[in-house]
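What follows is a set of notes on a single structure, which appears directly below.
Order of listing sets the numbers, starting from 1, for every ligand and every atom in it.
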Amino acid sequence: MGLVVQKYGGSSVADAEGIKRVAKRIVEAKKNGHQVVVVVSAMGDTTDELIELAEQVSPMPAGREFDMLLTAGERISMALLAMAIKSMGHKAQSFTGSQAGVITDSVHNKARIIDVTPGRIRTSIDEGNIAIVAGFQGVSQEGKNITTLGRGGSDTTAVALAAALDAEACEIYTDVDGVFTADPRVVKKAKKIDWISFEDMLELAASGSKVLLHRCVEYARRYNIPIHVRSSFSGLQGTWVSNEPRTKAEGQQVEHAIISGVAHDVSEAKVTVVGVPDKPGEAAAIFRAIANAEINIDMVVQNVSAASTGLTDISFTLPKAEGRKAIDALERMKPTIGFESLRYDDQIAKISLVGAGMKTNPGVTAGFFEALSDAGVNIELISTSEIRISVVTRADDVNEAVRAVHSAFGLDSDSDEAVVYGGTGR
Ligand code: ADP
Ligand code: ASP
Ligand code: MG
């Protein structure tokens with residue numbers, strides 16, 4: 001029996017009962033003969049609560065201190081989980097990200113893992129312990145400061161440790177039975193997917209399906225680590241995310257779906273730069289200012305300029321959390337760039353249809369737009385990749401739009417099988 005890495009999300013360890021329930025599951029894996037490394041998130045909505053607390057004392061908290069604060073959440077859950085396991089008569093030790101050898105760059109709040117040196121974890125498990133590692137955190141190579149990996153980053157910690165320890169499996173335990181064809185909180189008729197390729201999962205994650213973080217899937221694909229996403233509340237098989245389709249328990253081959261699913265995202269806002277002179281270099285200057293502020297943007301649209309004015313509008317979407325920073329950066333550049341004004345809109349949603357089969361099946365885009373129009377949903381921006389179509393709509397329309405598209409592509413299951421076991425969906 002080999003080594004398994006198991007990751008438990010915040011909803012799985014929301015309270016003392018949850019911690020004890022998870023501890024039992026971990027001990028089961030150990031009893032079955034595995035070496036077990038556990039990555040744990042902060043309890044319930046702790047991270048959100050810590051962020052709110054920080055905002056009450058400072059409108060723009062310093063990155064270093066903010067990270068120091070947020071990592072406290074995972075320290076609480078890792079220590080409690082180790083205690084619970086020990087009280088069941090098994091050996092366990094907890095480790096911070098830094099102690100576990102998670103080395104990152106120096107970008108606070110969204111650091112990238114650049115190396116994993118899990119010597120202490122290896123020693124701990126070789127001595128018969130279950131090692132519990134705090135997710136979502138690391139230490140910067142330069143400066144040795146405590147960093148965090150961005151919201152949902154414990155998923156990435158789990159895959160990075162699985163790769164560094166050459167684990168047999170990486171299991172991501174959460175509050176739903178796997179990856180579904182849409183968020184089960186929105187679509188009761190969403191279907192559980194038995195197997196999904198890294199490629200499709202990457203697009204779903206990038207489009208807002210927070211069941212797995214985009215960076216975690218990227219990492220898993222790079223090191224070819226199959227991920228098993230499943231519920232910590234049930235014993236059911238979940239979803240395998242890997243390069244090759246897995247065979248089902250009954251032995252039959254899992255089919256490639258044309259459409260994998262519908263994702264939605266309400267975490268983005270739209271900035272419109274109004275009245276930009278329509279000449280070379282203007283867009284470059286705008287997006288250089290945004291890049292210098294370390295902000296990642298998503299969709300970009302430039303309108304055709306009105307011939308009479310020679311001015312155009314450029315819109316782009318970005319995480320709401322970066323909105324203030326983006327507006328400040330652009331305001332500072334206003335005299336040099338020479339645009340008229342800025343508009344900020346955080347009442348938007350992005351809805352995406354994902355599936356590799358779209359490359360070879362005509363009519364998918366038309367069907368997507370028809371479904372939205374039948375539901376009376378207006379489209380504001382459109383972007384596409386080879387295997388994804390995304391639109392921006394009003395935030396108020398998002399649930400209806402997701403359900404309409406899900407039905408239109410025949411993804412609805414016959415039963416309301418999608419169970420949500422816990423969590424608040426925050
Ligand atoms: P954890 O606390 O375990 O990290 P998250 O809240 O980050 O859990 O992710 C699980 C949630 O992701 C589910 O409760 C569900 O609402 C949401 N979700 C969004 N899209 C999907 C999808 N396609 N399949 C499954 N869950 C999804
Ligand atoms: N606790 C962190 C968050 O809420 C990391 C994680 O849960 O993965 O984003
Ligand atoms: Mg998560």
A side-chain contact here means heavy atoms from C-beta on lying under 4.5 Å apart; do M68 and F66 qualify? no
With the criterion set at N/O pairs under 3.5 Å, what does the list of contacts between the protein and ligand 1 look like, atom names and distances included?
from: ligand 1; atom 1: 2 (O); to: G10; atom 2: N; distance (Å): 3.2
from: ligand 1; atom 1: 3 (O); to: T174; atom 2: OG1; distance (Å): 2.7
from: ligand 1; atom 1: 4 (O); to: K7; atom 2: NZ; distance (Å): 3.2
from: ligand 1; atom 1: 6 (O); to: K210; atom 2: NZ; distance (Å): 3.1
from: ligand 1; atom 1: 8 (O); to: T174; atom 2: OG1; distance (Å): 3.2
from: ligand 1; atom 1: 14 (O); to: D175; atom 2: OD1; distance (Å): 2.7
from: ligand 1; atom 1: 14 (O); to: D175; atom 2: OD2; distance (Å): 3.4
from: ligand 1; atom 1: 14 (O); to: R185; atom 2: NE; distance (Å): 3.3
from: ligand 1; atom 1: 14 (O); to: R185; atom 2: NH2; distance (Å): 2.9
from: ligand 1; atom 1: 16 (O); to: D183; atom 2: OD1; distance (Å): 2.8
from: ligand 1; atom 1: 16 (O); to: D183; atom 2: OD2; distance (Å): 3.4
from: ligand 1; atom 1: 16 (O); to: R185; atom 2: NE; distance (Å): 2.8
from: ligand 1; atom 1: 23 (N); to: F180; atom 2: O; distance (Å): 3.0
from: ligand 1; atom 1: 24 (N); to: F180; atom 2: N; distance (Å): 2.9

Non-hydrogen atoms of K192 and D177 that approach each other most closely: CD-O, 3.2 Å
Write down the atom of I348, the atom of A269, and the distance for their closest heavy-atom approach. CD1-C, 3.6 Å
Quick check: closest heavy atoms across V354 and E203, and the distance to 0.1 Å? CG1-CB, 3.6 Å
Over all heavy atoms of both residues, which pair between E331 and L342 is shortest? Give the atoms and the distance, please. OE2-CD1, 3.7 Å
Please determine whether ring pair (Phe, Tyr, Trp, His ring centres under 6.0 Å) holds for the pair F287 and F316, giving the CA-CA distance in whole Å, both sets of side-chain angles, and the decisive distance to 0.1 Å. CA-CA 10 Å; F287 291 107; F316 62 91; 5.3 Å; yes
Identify the residue among I146, T47, T147 that makes a side chain to side chain contact (heavy atoms under 4.5 Å, CB included) with T71. I146
Write out the protein residues near ligand 2, meaning a non-hydrogen atom under 4.0 Å from one of its atoms, in order of chain and number. S41, A42, T47, E74, F136, R151, G152, G153, S154
side-chain contact (heavy atoms from CB on, under 4.5 Å) between L165 and R122: does it pass, once the steps are laid out? CA-CA 8 Å; L165 292 163; R122 178 69 76 189; 4.0 Å; yes
So if I apply the side chain to side chain contact (heavy atoms under 4.5 Å, CB included) rule between L353 and each of V402, I259, I387, T365, which one comes out positive? I259
